[in-house]
Participant: 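The following block contains the structure, expressed as structure tokens.
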Amino acid sequence: REAYFQQAQVEREMTAVEVNSIHLEKERILRTAEAEANLKRARAKADAQKITDEAQINGTQMLFKGTNITSQEHMTSFTYIRNLISRRNLELGVSYIAEGNVIQTKTVG
């Protein structure tokens, strides 16, 4: 009878070891799958950003060529304004100042 109880205890412990082993394997598989999924998402985002950036560069080059913009100053101004417009939470107003409608000041004394 004592041998039967000891055998049952051994069986329970062996079962607990097997359950723990299966649980650890499950956790390893889940973490590996999650890490691989995160890596694929990150690569996909990077690839999408690269495609978008290349398209923007090509589009800007075509725009400059089509409108005959060759001055580096004009190209830089266009890029600056485009970047400002693409910012969130920014209200952009454009006004034109001519020399005739600016009040000129000078230092007194």
Participant: About how many Å separate CD of Glu18 and CD of Glu11, when rounded to the nearest 0.5 Å?
Facilitator: 9.0 Å
Participant: Provide the closest heavy-atom pair for Met75 versus Ile69 in the form atom of the first, atom of the second, distance.
Facilitator: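 Closest heavy-atom pair between Met75 and Ile69: CE-O, 3.3 Å.
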Participant: Say you draw a straight line from CD1 of Ile57 to OG1 of Thr52; how long is it, rounded to the nearest 0.5 Å?
Facilitator: 11.0 Å
Participant: Mind jotting down which residue pairs meet the side chain to side chain donor-acceptor pair (under 3.5 Å) criterion with at least one end in residues 58-68? Sequence neighbours excluded, please.
Facilitator: Thr60-Arg82
Participant: Do Leu30 and Lys26 touch side chain to side chain, with heavy atoms closer than 4.5 Å?
Facilitator: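 Yes. Closest side-chain heavy atoms under 4.5 Å.
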Participant: Does the Asn83 side chain pair with the main chain of Thr79, one donor and one acceptor, at a distance under 3.5 Å?
Facilitator: yes
Participant: Rounded at 0.5 Å granularity, tell me how far CD in Glu25 sits from CD in Glu27.
Facilitator: 10.5 Å
Participant: Working note: Glu34 + Arg31, criterion salt bridge (charged side-chain N to carboxylate O under 4.0 Å, His left out); need CA distance, chi angles, decisive distance, verdict.
Facilitator: CA-CA 5 Å; Glu34 186 176 346; Arg31 289 182 185 197; over 6 Å; no
Participant: Should we count CD of Glu73 as having more than 12 external heavy atoms under 6.0 Å?
Facilitator: no
Participant: Could you grab the distance from atom CG of Leu39 to atom CD of Glu36, nearest 0.5 Å is fine?
Facilitator: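 Nearest 0.5 Å value for the CG-CD distance: 8.0 Å.
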Participant: If we check side-chain hydrogen bond (donor to acceptor under 3.5 Å, both in side chains) with Asp53, which of these qualifies: Gln56, Gln49, Lys50?
Facilitator: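 Exactly one candidate clears the test, Gln49.
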Participant: Decide side chain to side chain contact (heavy atoms under 4.5 Å, CB included) for Arg12 and Gln9; before the verdict, give the C-alpha distance in whole Å, the side-chain angles of both, and the deciding distance to 0.1 Å.
Facilitator: CA-CA 5 Å; Arg12 281 192 293 276; Gln9 181 64 30; 3.0 Å; yes
Participant: Verify, without hydrogens or angle tests, whether Ser21 (side chain) and Val17 (backbone) share a donor-acceptor contact under 3.5 angstrom.
Facilitator: no
